[in-house]
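Atoms within a ligand are numbered from 1 in the order they appear, just like the ligands themselves.
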Amino acid sequence: MNASAAERRQQVAAGLAEVQQRIAGACRDVGRDPGEVTLVVVTKFFPASDVRLLADLGVTDVGENRHQEAEAKAADCADLGLRWHYIGGLQSNKAAAVARYADVVESVDRAKLVGRLDQGAHDRGRPVDCLVQVSLDPPDTEGRAGADPADVPALAAAVEAAGMLTLRGVMAVAPLGADPADAFSRLAAVHRDLMADHPSATWVSAGMSGDLEHGIRAGATHVRVGSAILGPRPRIK
Ligand SMILES: *Cc1c(COP(=O)(O)O)cnc(C)c1O
């Protein structure tokens, strides 16, 4: 290993250890078992070499938000046995392609995607786990990602009805500038309603580098953490 690779490894290992401690601390505060919380390391903008490093450090789940980059990295790292989470905005014409490499699609936010994701999962010959992304923004927000809470039941039913998609739960991003505790408690309420109809949809993906403690307090089973582990993302390409 050359000097800079060794340095990078040390950096990433330190970031990972710190985030694992934050998760453990947040769980302790609310009497939860840290084993209930899966860390998804968000590797967008970082090279495949970092993904290899993470796998070597024991990471099992990684997240990506741009289709082309994700597809290339998943192919490059196919030998690592990682679970790939797609967490980005989905274009309808890319959805089938995403479902061919993603193990989990966390950003299902409209019914139009369901048939295409199902097709991609069929092509690959294995089921794909899906989370309904819920918008926690006010209804008229520009560039709003995620389904309106009122549309979640119909969307969840569509996912459940698709042969090769497995409905696992919900995902959300706390709105910029809003109180994450309030946002995630609204997500928890949406999740409770969903569970009434779909008891096996137990996953809640909530919390990132800046607000993972709030996510865990509100019941997150998955946190998606990038910069707190890998450092500031390289300049937007
Ligand atoms: C980039 C991203 C993350 C990780 O953000 P950090 O602040 O770097 O931890 C989490 N979730 C989504 C949907 C993202 O796009």
Side-chain angles (χ1 to χ4, degrees), residues 8 11-12 14-23 25-26 37-47 50-51 53-54 57 59-71 73-74 82-91 94-95 98 102-110 113 117 129-137 141 143-147 168-181 183-184 186-187 190-191 203-237:
R8 181 63 176 153
Q11 228 171 39
V12 172
L16 184 62
E18 194 178 309
V19 165
Q20 283 164 338
Q21 275 173 20
R22 284 176 60 191
I23 293 171
V37 180
T38 300
L39 170 62
V40 179
V41 181
V42 178
T43 49
K44 65 190 186 199
F45 296 101
F46 289 99
D50 280 350
V51 177
L53 240 175
L54 288 163
L57 292 167
V59 167
T60 55
D61 291 71
V62 293
E64 289 282 336
N65 77 335
R66 297 188 308 169
H67 164 59
Q68 279 187 317
E69 179 186 346
E71 184 178 48
K73 250 184 258 178
L82 291 165
R83 196 172 305 118
W84 291 82
H85 295 242
Y86 190 80
I87 62 174
L90 274 166
Q91 288 173 262
K94 303 279 170 60
V98 167
D103 302 291
V104 185
V105 176
E106 298 204 10
S107 43
V108 182
D109 66 354
R110 58 198 190 280
L113 298 171
L117 290 168
D129 290 329
C130 290
L131 301 182
V132 171
Q133 182 174 355
V134 180
S135 172
L136 302 174
D137 296 299
T141 305
R144 189 173 193 243
R168 291 291 186 195
V170 292
M171 178 272 237
V173 178
L176 268 179
D179 172 11
F184 291 148
R186 284 185 283 129
L187 178 66
V190 172
H191 183 239
W203 298 9
V204 177
S205 175
M208 327 201 301
S209 292
D211 57 14
L212 71 88
E213 286 84 359
H214 289 289
I216 288 171
R217 235 168 270 155
T221 59
H222 293 70
V223 293
R224 309 175 309 273
V225 182
S227 48
I229 294 171
L230 294 166
R233 277 182 279 281
R235 219 163 50 80
I236 309 271
K237 286 169 231 168

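- At the shortest separation from atom 10 (C) of ligand 1 among protein heavy atoms lies Met208 SD, 3.1 Å.
- With respect to Leu82, the side-chain contact (heavy atoms from CB on, under 4.5 Å) criterion is satisfied by exactly one of Asp103, Thr43, Leu54, Val51: Val51.
- Taking each heavy atom of Ala145 and Gln133 in turn, the nearest pair found is CB-NE2, 3.7 Å.
- With Ile87, Val223, Val225, Asp211 as candidates, the residue nearest to atom 13 (C) of ligand 1 on a non-hydrogen basis is Ile87.
- At the shortest separation from atom 9 (O) of ligand 1 among protein heavy atoms lies Ser209 OG, 2.5 Å.
- Scanning all protein heavy atoms for the shortest distance to atom 1 (C) of ligand 1 gives Lys44 NZ, 1.4 Å.
- Of the polar atoms of Val42, none of the N or O atoms is found under 3.5 Å from an N or O of ligand 1, judged by distance alone.
- Here the shortest heavy-atom pairing between Ala220 and Val37 reads O-CG2, 3.7 Å.
- Considering all non-hydrogen atoms of both residues, His222 and Trp203 come closest at CE1-CD2, 3.4 Å.
- Heavy atoms of Glu106 found under 4.0 angstrom from ligand 1: none, in either backbone or side chain.
- Counting only heavy atoms from C-beta outward, the side chains of Glu64 and Arg66 never approach each other to under 4.5 Å.
- Of all heavy-atom pairs between Ser205 and Arg224, the closest is OG-NH1, 2.9 Å.
- Of all the atoms in ligand 1, the ones that sit under 4.0 Å from a non-hydrogen atom of Ser227 are 6 (P), 7 (O), 8 (O), 9 (O).
- Annotation for Ala172 and Leu136: closest pair CB-CD1, 3.6 Å, computed over non-hydrogen atoms.
- Of the protein's non-hydrogen atoms, Arg224 NE, 2.9 Å is the one closest to atom 11 (N) of ligand 1.
- Shown in contact with Gly226 at under 4.0 Å from a heavy atom are these atoms of ligand 1, numbered in order with element: 4 (C), 6 (P), 8 (O), 9 (O).
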